[in-house]
Amino acid sequence: MPAETHAAPPPARRAAALTWIAGGLRLLSRLSPAASSRVAFELFRTPRRFRVPAREEALLGGAEPFEVRLSPSTSVKAWRWGEGPAVLLMHGWEGRGSQLAALAGPIAGAGFSAVTFDAPGHGSSSGRTSSLPHFAWALRGVAAAAGEVRAVVAHSLGCAAATLAIRDGMPVERAVFIAPPLHPSDYTRQFGAMFGLPEKVIDGLRARIEERFLRKWEDYSLAEMAPRMSAALLVVHDRHDAETLWTAGARLAELWPGARLLTTEGLGHRRILRDPAVVQTVADFLKATS
């Protein structure tokens, strides 16, 4: 992987840095909530990048790399396995395309091509900042470059991006959402809790995001979009996921017409992406015709 994909700081150093940042933000919030919201906005949209594990690098070694230019200043790195209609693999916040690479072999073996990529500001792709609209923009761009698209498999925040892209016209017959959120606005609450920020600062953060992207938070809600969806959906969620609650995935499966729910135990938020039983279930769902 290119050198710009770097390791996160050791846990102790990362925890110390977060403590200092949180303290500074709380102090600033008492002096100027508006200024604190501005700083929080910059932190919220700046993802950390993590080194790619050897197991993921090995899987990428069997893929054909390519690049998709979304604009004169923004491009994303992508990889493709196999031939046939594309199945797009969309990672989550602070993730990378290689996290879903364990799915590529079974998908290619089912007669499709598996296409994964790093969203803007993530992995090997360009940019320092990112957002849910950036994710959806990149997904539509990769879909256009990939040709005929059969399905999308998404993880965590990537599920919200996939739903936006489908709503805005990206044609897919099937979708698999692994550990999906129900309301992406929950991420701002989690962000506020992590830094101990008062609600007025988080309200200011949400307002800045709405102003920046010219959309209300309700426009990003999977709960609002799901009842109008027609693609066949499989939701896969671990009951003990500590980052995106299982109840969110279960409720989404209820709201999305005809959706199926697969509940796992003990796989958490990320190991679920490479569990052999989950991988095979996803591949079987993608090649099904009804």
Side-chain angles (χ1 to χ4, degrees), residues 37 40-49 68 70-71 74-76 88-97 99-100 116-123 125-144 152-170 172 175-194 202-226 228-229 231 233 235 237 241 243-245 248-249 251-252 255-256 269-270:
S37 293
F41 174 65
E42 290 303 319
L43 284 173
F44 186 75
R45 68 193 190 113
T46 305
R48 297 166 296 173
R49 305 190 199 220
V68 178
L70 303 176
S71 75
T74 305
S75 62
V76 297
L88 306 178
L89 308 178
M90 173 84 254
H91 66 78
W93 187 253
E94 295 189 331
R96 54 194 176 270
Q99 287 179 308
L100 288 88
T116 195
F117 64 97
D118 293 339
H122 288 71
S125 292
S126 65
R128 185 183 67 87
T129 61
S130 196
S131 66
L132 175 52
H134 280 87
F135 272 44
W137 176 42
L139 185 59
R140 292 194 302 270
V142 172
V152 59
V153 180
H155 178 232
S156 196
L157 188 69
C159 303
T163 306
L164 279 177
I166 294 169
R167 185 194 67 181
D168 292 343
M170 186 182 78
V172 297
V176 178
F177 288 173
I178 303 174
L182 190 60
H183 302 288
S185 59
D186 290 344
Y187 286 102
T188 60
R189 282 193 288 273
Q190 294 171 6
F191 179 85
M194 181 171 65
I202 299 305
D203 288 343
L205 166 63
R206 294 190 187 108
R208 287 183 180 279
I209 294 171
E210 289 181 337
E211 181 181 356
R212 172 66 178 82
F213 296 107
L214 302 177
R215 274 185 165 173
K216 294 292 186 182
W217 272 106
E218 291 79 9
D219 291 343
Y220 304 128
S221 171
L222 277 72
E224 294 295 326
M225 291 186 279
R228 301 190 295 276
M229 294 293 158
L233 175 68
V235 175
H237 214 137
D241 189 328
E243 297 189 32
T244 305
L245 296 181
R251 180 58 178 155
L252 177 63
L255 293 171
W256 190 296
H269 191 65
R270 293 179 182 82

Which heavy atom of Gly249 sits nearest to which heavy atom of Val235, and what is that distance? O-CG1, 3.6 Å

Taken to the nearest 0.5 Å, the spacing of Leu222 CG from Met225 CE works out to 5.0 Å

Across all chains, not counting sequence neighbours, the side-chain contact (heavy atoms from CB on, under 4.5 Å) partners of Ser130 are Pro47, Trp93, Pro120, His122, His134, Phe135

I would like to know whether Trp137 and Thr74 meet side chain to side chain contact (heavy atoms under 4.5 Å, CB included); could you show each step before the answer? CA-CA 11 Å; Trp137 176 42; Thr74 305; 3.9 Å; yes

List the atom of Gly123, the atom of Arg49, and the distance in Å for their closest heavy-atom pair. O-NH1, 2.8 Å

Shortest non-hydrogen contact between Ser156 and Pro181, atoms and distance: O-CD, 3.1 Å

N-O pairing of Arg128 and Glu42 below 4.0 Å: yes

Thr244: what forms a side-chain hydrogen bond (donor to acceptor under 3.5 Å, both in side chains) with it, not counting sequence neighbours? none

Can you find a heavy atom in the side chain of Asp118 that is under 4.5 Å from one in the side chain of Val76? no

Rounded to the nearest 0.5 Å, the NE2 atom of His91 sits from the CD1 atom of Ile178 at a distance of 13.5 Å

Report yes if the side chains of Leu255 and Leu182 come closer than 4.5 Å at any heavy-atom pair, otherwise no. yes

On a heavy-atom basis, which atom in Pro184 and which in Ser221 lie closest, and how many Å separate them? CD-CA, 4.0 Å

Please enumerate all residues that pass side-chain contact (heavy atoms from CB on, under 4.5 Å) together with Ala165, with sequence neighbours excluded. Leu139, Arg140, Met170

Please name all residues satisfying side-chain contact (heavy atoms from CB on, under 4.5 Å) with Arg206, sequence neighbours left out, ordered by chain then number. Thr188, Arg189, Glu199, Ile202, Asp203, Trp217

With the side chain counted from C-beta on, respond yes when Arg167 and Leu164 share a heavy-atom pair under 4.5 Å apart, and no when they do not. yes

Working to the nearest 0.5 angstrom, can you tell me the gap between Ser131 OG and Tyr220 OH? 7.0 Å

Calculate, to the nearest 0.5 Å, the distance between atoms CZ and CZ belonging to Phe191 and Arg45 respectively. 12.0 Å

Shortest non-hydrogen contact between Cys159 and Ala154, atoms and distance: SG-O, 3.4 Å

With side chain to side chain contact (heavy atoms under 4.5 Å, CB included) as the criterion, how do Ile166 and Val152 come out once you've worked through the C-alpha distance, each side chain's angles and the decisive distance to 0.1 Å? CA-CA 10 Å; Ile166 294 169; Val152 59; 4.2 Å; yes

side-chain contact (heavy atoms from CB on, under 4.5 Å) filter on Leu245, not counting sequence neighbours, yields Thr247

Closest non-hydrogen atom pair, His183 against Ala223: CE1-CB, 3.5 Å

Across all chains, not counting sequence neighbours, the side-chain hydrogen bond (donor to acceptor under 3.5 Å, both in side chains) partners of Glu243 are Arg270

Got a second to check how far Trp256's CH2 is from Arg228's CZ, nearest 0.5 Å? 11.0 Å

Nearest 0.5 Å, please: how far is CZ in Phe177 from CE in Met90? 11.5 Å

